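Heads up, the thing below is written out as structure tokens.
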Protein chains: 2
Amino acid sequence: MTALDNAALRVATGAADGEQDRRAEIYRSAARIFHRKGYHATSINDIAAAVGLTKAGLYYYIKGKQDLLFAIMGFAMDQLDEQVIEPARRVEDPQARLETIVARHARLITQDSSALTILVNELEGLLPDDRADIIGRQRDYVDFIADTLAALRDEGKVLGLDPTVGAFSLVGMILWISRWYRADGRLDGDEVVAEVTRMAISAVLNRGEDSNAGNPARTG
Amino acid sequence: MTALDNAALRVATGAADGEQDRRAEIYRSAARIFHRKGYHATSINDIAAAVGLTKAGLYYYIKGKQDLLFAIMGFAMDQLDEQVIEPARRVEDPQARLETIVARHARLITQDSSALTILVNELEGLLPDDRADIIGRQRDYVDFIADTLAALRDEGKVLGLDPTVGAFSLVGMILWISRWYRADGRLDGDEVVAEVTRMAISAVLNRGEDSNAGNPARTG
DNA sequence: GCGAACCTACCGGGCGGTCGGTAGACTACT
DNA sequence: AGTAGTCTACCGACCGCCCGGTAGGTTCGC
């Protein structure tokens, strides 16, 4: 049933808006409200009202608040798998693969950040088993990036970078986009994606030890 | 009264543990629990129990849940001002200043991330006026970084980087540390700080256009 | 007339917050 | 020395509200 729910959500976030599948609209609205107010601050009534139903009416479509959250996160993770990880896996050159990862992930966020952002911010709202599931998939993603960085290092393009720290840092940079990017802002989505991708690659590539960035600040 | 509260918290987060000032312990515990479970998922009872009081007893010390949150965030912002922004302001060379910002901010997070992390994750729990206050101070911080990046660009050390996007990206990289760094992990705090600082500087400095990181990925 | 789609009404419970009270230390006056 | 008053630091009990969730209909297209 989760698979079915995710399918519904996938339809919903696509271009074609709901015409028959009410469930899709519900998931999409819930994702938007969770994203804006946070999971715990969002009531079932909020979601019901947003889709023009009463609370009881909403329960015709969903099993509960936590299942709703898990379904949204599962969908977001599916999106990441399909639109970032799988395409990147088919890129053999490590640098090109890293660029693919960053650019595609960033683009996903500039296009619709709701589900992706909930995915990282509302983990503690899940049941332990569900949380373990999601965290495992996230961990796989970070490992995938770390492996790519390790491959870059083996090519000699990167010196003295810890792949795990590098992977986490790049992920942080990408995820943070959802906090500051506005579709109606000074830069459009493609420009932001390009800019962030450039920074990410630059952060990782070796520049030949011309920087003395070590430990310049001491407390006090 | 907020100033007094913040003073109490400042004492609390220092080395010397509570010996008389109960308020300090309360703020510190609250920050830790808010950090772990999130603001909305934390009840006043949780905090009271953590400091060995009943809910009513706790209200002898605090004005309300939202004031508690605002006080914690105000303290975190003060920490940022005093330990990151002010020291960095005294550094004239833009690159050295940027290194100071990143290293000091990162160090703050590896040392005790509770208040700093609440500061960015629980904004929507605040009253509108309080939120505006905090957001304004955060915006000032980002502008400070962006100005530093602009100065670097004027020196010719950076080509074609948007200072605002750069500032946000670096902040994202730094803040994300609190999500993955564990004090008992493989790397100790200083190593992580050094690694992240190196990445941040590298992300921003010009490497002479040897990267073709543009728009390598298309959907579909 | 039957099932899908939805409603009104309700439940138990936990929430943030308040109230009246009080143990005990400390002060003040006689 | 005794005792009355006062203040700090707390507690048990309670309030009204809203929460997630449910029971039991009702409407409506087929």
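Quantities reported herein were computed from a predicted structural model and do not represent experimental measurements.
For DNA chain D, the outermost nucleotides in 5' to 3' order that have an atom under 4.0 Å from a heavy atom of chain A are D:dC19 to D:dA23.
Judged as a ring-ring contact (aromatic ring centres under 6.0 Å, His included), and not counting sequence neighbours, the contacts of A:Y141 are A:H105.
To the nearest 0.5 angstrom, A:T117 atom OG1 is 14.0 Å from A:F34 atom CZ. Put simply, CG on A:L175 and CG on B:L175 are 12.0 Å apart, with the number rounded to the nearest 0.5 Å.
Looking at which nucleotide of DNA chain C each of A:G52 and B:D46 is closest to, the 5′-most match is held by A:G52.
Within the 4.0 angstrom heavy-atom criterion, no nucleotide atom of any strand lies near B:L58. At a threshold of 4.0 angstrom between heavy atoms, the contacts of A:T54 include nucleobase atoms, whether or not backbone atoms are also involved.
Using modelled atom types, one side-chain atom of A:Y181 and one backbone atom of A:G189 make a donor-acceptor pair closer than 3.5 Å. Here the side chain of B:R22 pairs no donor or acceptor atom with the backbone of B:Y61 at under 3.5 angstrom.
Distance CD (B:Q66) to P (C:dC15): 17 Å, rounded to an integer number of Å. Across the protein-nucleic acid pair, B:K55 atom NZ and C:dC19 atom P stand 14 Å apart, rounded to whole Å. As a whole-Å value, the separation of B:Y59 OH from C:dC19 C1' is 14 Å. Taking atom CD1 on B:I44 and atom P on C:dT18, their separation rounds to 11 Å, with Å as the unit. When the C1' atom of C:dC15 is taken as reference, atom CD1 of B:I47 falls 13 Å away, rounded to whole Å. A:N45 has its CG atom 13 Å from the C1' atom of C:dT8, to the nearest Å.
The cationic group of B:R89 lies under 6.0 Å from the six-membered ring centre of B:F144 and within 45° of the ring axis, placing it in a cation-pi geometry.
Out of C:dA5, C:dC15, C:dT8, the shortest distance to the side chain of A:Y60 is found at C:dA5.
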